[in-house]
Amino acid sequence: MLGIPRRYSHFVFGIIQSGLTSLIAAGIASWPAGSAAIFVGHWMASWLIAWAAMLPIVLLAAPAIRAFVLRLTREERDPRAGSQA
């Protein structure tokens, strides 16, 4: 493996997540293309543009989204702990 320090995991996650999401979305948007060669060319060009646009958004928005999710959710109790009265 690359051995990237864990403190950069947010950036690695953002790169992978934005790349995969934009790859799938660009493929779906390119599907109506005529031949396979046109489809692949359009897909790759669309993906690179979409990834370039989404990467900074994902990296900047993820901490805010994570904080928002924490405000919307609560910790679950461990059912094994039970009440000890």
Side-chain angles (χ1 to χ4, degrees):
M1 297 307 289
L2 292 176
I4 299 169
R6 182 82 25 98
R7 68 179 175 266
Y8 299 117
S9 64
H10 167 75
F11 297 106
V12 174
F13 178 88
I15 290 167
I16 293 169
Q17 188 271 332
S18 64
L20 183 60
T21 302
S22 59
L23 181 71
I24 293 167
I28 293 168
S30 299
W31 186 253
S35 68
I38 293 172
F39 167 73
V40 171
H42 188 264
W43 186 10
M44 290 298 107
S46 298
W47 172 61
L48 287 173
I49 293 167
W51 195 11
M54 288 308 300
L55 182 57
I57 292 170
V58 167
L59 291 177
L60 295 173
I65 294 169
R66 189 173 293 120
F68 184 59
V69 167
L70 288 174
R71 294 185 88 179
L72 292 174
T73 60
R74 61 178 169 77
E75 286 289 330
E76 293 185 75
R77 283 202 205 164
D78 185 358
R80 294 173 288 168
S83 62
Q84 297 179 2

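Computed from a prediction, not measured in an experiment: that's the story for all the values here.
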Next item on the list: Identify, with sequence neighbours excluded, every residue that meets side-chain hydrogen bond (donor to acceptor under 3.5 Å, both in side chains) alongside Trp43.
Entry: none
Checklist line | Nearest heavy-atom neighbours spanning Gly19 and Trp47 | finding: O-NE1, 3.0 Å
Check: How is the hydrophobic cluster of Phe68 composed, in terms of its other members, when Ile, Leu, Val, Met, Phe, Trp and Tyr link through side-chain heavy atoms under 4.5 Å apart, directly or indirectly?
Finding: Leu72
Note to self: Checking one residue: Ile24. Which other hydrophobic residues are in its cluster under the side-chain 4.5 Å linking rule?
What the structure shows: Leu20, Ile28
Margin query: Through direct or indirect side-chain contacts below 4.5 angstrom among Ile, Leu, Val, Met, Phe, Trp and Tyr, which residues connect to Ile57?
Written below: Met54, Val58
Check: Which heavy-atom pair separates Ala53 from Pro56 by the least distance, and what is that distance?
Finding: O-CD, 3.6 Å
Item checked: From Leu55 atom CG to Gln17 atom CD, the distance as rounded to the nearest 0.5 Å -> 9.5 Å
Next item on the list: Side-chain contact test, heavy atoms from C-beta onward, threshold under 4.5 Å: evaluate it for Trp51 versus Ile15 and give yes or no.
Entry: yes
Check: When Ile, Leu, Val, Met, Phe, Trp and Tyr are grouped by side-chain heavy atoms lying under 4.5 Å apart, directly or through other members, which residues fall in the same group as Ile65?
Finding: Val69
Margin query: Hydrophobic clustering (ILVMFWY, side-chain heavy atoms < 4.5 Å, transitive) - are Leu48 and Leu23 grouped together?
Written below: yes
For a quick test of your reading: what N or O donor-acceptor pairs under 3.5 Å do the side chains of residues 2-11 make, sequence neighbours left out?
from, atom 1, to, atom 2, distance (Å)
Ser9, OG, Arg6, O, 3.0
His10, NE2, Leu59, O, 3.0

